[in-house]
Amino acid sequence: MSTAAVVADPGFAAFAEHNLPRYARYAKARFYADTRAAGAVRPTLTFVHARWAWLLSQPSVAAPVWEELRAQIVIQTNGALPPITAVATLYHRLPARSADSALLCGCLGLEGPEAAELMGIEPSGRNGTGGGVTRLACARRRVGPLNRG
């Protein structure tokens with residue numbers, strides 16, 4: 001993806017600038033390694049850039065992008081869970097989306113509405129996803145306090 005292409009589309013550039021740090025933090029938490037995290041985030045942004053016009057026609061730009069980031073993490077890890085850590089515990093004990101909510105809020109410190117926006121879900125569950133804030137509350141009850149290690 002060339003710099004000229006990014007500059008030519010200020011909407012994409014703004015989306016990438018806004019979300020890149022949060023995607024990178026999420027991927028790093030999933031991998032415990034910066035280099036592998038970049039290997040998931042870079043192709044995700046390439047996906048976004050290549051499909052920007054289509055994404056803008058969707059009810060949520062963030063939802064398909066989030067699913068692509070999650071798919072890239074599976075590709076990078078060959079589907080294996082991380083070593084036994086608090087993050088691995090989340091993904092062993094919870095459905096993937098609930099674990100994502102818990103990781104974003106409990107480990108990375110995002111507020112519920114910000115995590116829901118990043119994942120492309122309605123905080124109140126109005127789009128039929130079960131609600132990001134509700135999902136986080138359920139995850140906290142099932143897993144308990146989260147540690148970063």
Side-chain angles (χ1 to χ4, degrees), residues 1-82 85-91 93-140 143 146 148:
M1 170 174 25
S2 74
T3 305
V6 172
V7 172
D9 193 332
F12 168 77
F15 178 88
E17 182 179 334
H18 178 68
N19 289 300
L20 178 62
R22 300 183 303 172
Y23 291 158
R25 287 180 59 218
Y26 167 79
K28 183 178 176 186
R30 291 287 306 268
F31 289 123
Y32 282 91
D34 287 324
T35 55
R36 290 180 63 192
V41 174
R42 195 173 310 112
T44 299
L45 290 178
T46 299
F47 165 89
V48 172
H49 188 257
R51 291 161 184 82
W52 186 245
W54 173 79
L55 287 165
L56 291 176
S57 72
Q58 300 305 299
S60 166
V61 171
V65 176
W66 186 256
E67 290 306 314
E68 178 64 19
L69 178 59
R70 294 182 76 249
Q72 289 298 329
I73 287 171
V74 169
I75 290 167
Q76 293 293 317
T77 61
N78 295 319
L81 291 173
T85 62
V87 172
T89 300
L90 287 175
Y91 288 88
R93 296 172 105 184
L94 298 172
R97 288 190 175 124
S98 295
D100 285 344
S101 296
L103 177 63
L104 290 171
C105 297
C107 295
L108 299 181
L110 275 64
E111 295 295 324
E114 182 182 6
E117 177 260 323
L118 185 65
M119 295 172 65
I121 58 177
E122 292 284 336
S124 64
R126 288 187 302 257
N127 66 357
T129 61
V133 175
T134 302
R135 184 178 292 133
L136 175 61
C138 291
R140 283 185 177 151
V143 176
L146 300 173
R148 295 180 195 267

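Here the closest non-hydrogen pair linking Tyr23 and Val65 is OH-CG1, 3.1 Å. In terms of heavy-atom proximity, Ile73 sits nearest to Ala40 at CG1-CB, 3.9 Å. Nearest heavy-atom pair, Ala16 versus Pro21, reported as atom, atom and distance to 0.1 Å: O-CD, 4.4 Å. Scanning both residues, Ala37 and Ala24, for their nearest heavy atoms gives CB-O, 4.3 Å. What you find for Tyr91 and Ala96 is that their closest heavy atoms are CE2-O, 3.9 Å. Annotation for Leu90 and Ala99: closest pair O-CB, 3.7 Å, computed over non-hydrogen atoms.
There is a side-chain donor-acceptor pair under 3.5 Å between Glu68 and Gln72.
From Asp100, atom CG reaches atom CE of Met119 across 4.5 Å, with rounding to the nearest 0.5 Å. Put simply, CZ on Arg22 and CG on Leu104 are 9.0 Å apart, with the number rounded to the nearest 0.5 Å. In this structure, the separation between NE2 on His49 and CZ on Phe15 is 12.5 Å, given to the nearest 0.5 Å. Rounding to the nearest 0.5 Å places CG of Leu56 at 11.0 Å from CZ of Phe12. Note that the OG atom of Ser101 and the CG atom of Leu118 stand 10.0 Å from one another [nearest 0.5 Å]. Separating the CG atom in Leu20 from the CZ atom in Arg42 is a distance of 10.5 Å, to the nearest 0.5 Å.
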Between Arg97 and Ile121, does the side chain to side chain contact (heavy atoms under 4.5 Å, CB included) criterion hold? Intermediate values first, please. CA-CA 10 Å; Arg97 288 190 175 124; Ile121 58 177; 5.8 Å; no
Stepwise side chain to side chain contact (heavy atoms under 4.5 Å, CB included) check, Gln76 with Arg30: CA-CA 11 Å; Gln76 293 293 317; Arg30 291 287 306 268; over 6 Å; no
Step-by-step side chain to side chain contact (heavy atoms under 4.5 Å, CB included) determination, Cys105 to Glu111: CA-CA 6 Å; Cys105 297; Glu111 295 295 324; over 6 Å; no
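A distance below 6.0 Å separates the ring centres of Tyr26 and Trp66.
With a 4.5 Å cut-off on side-chain heavy atoms, Glu117 and Asn19 count as touching.
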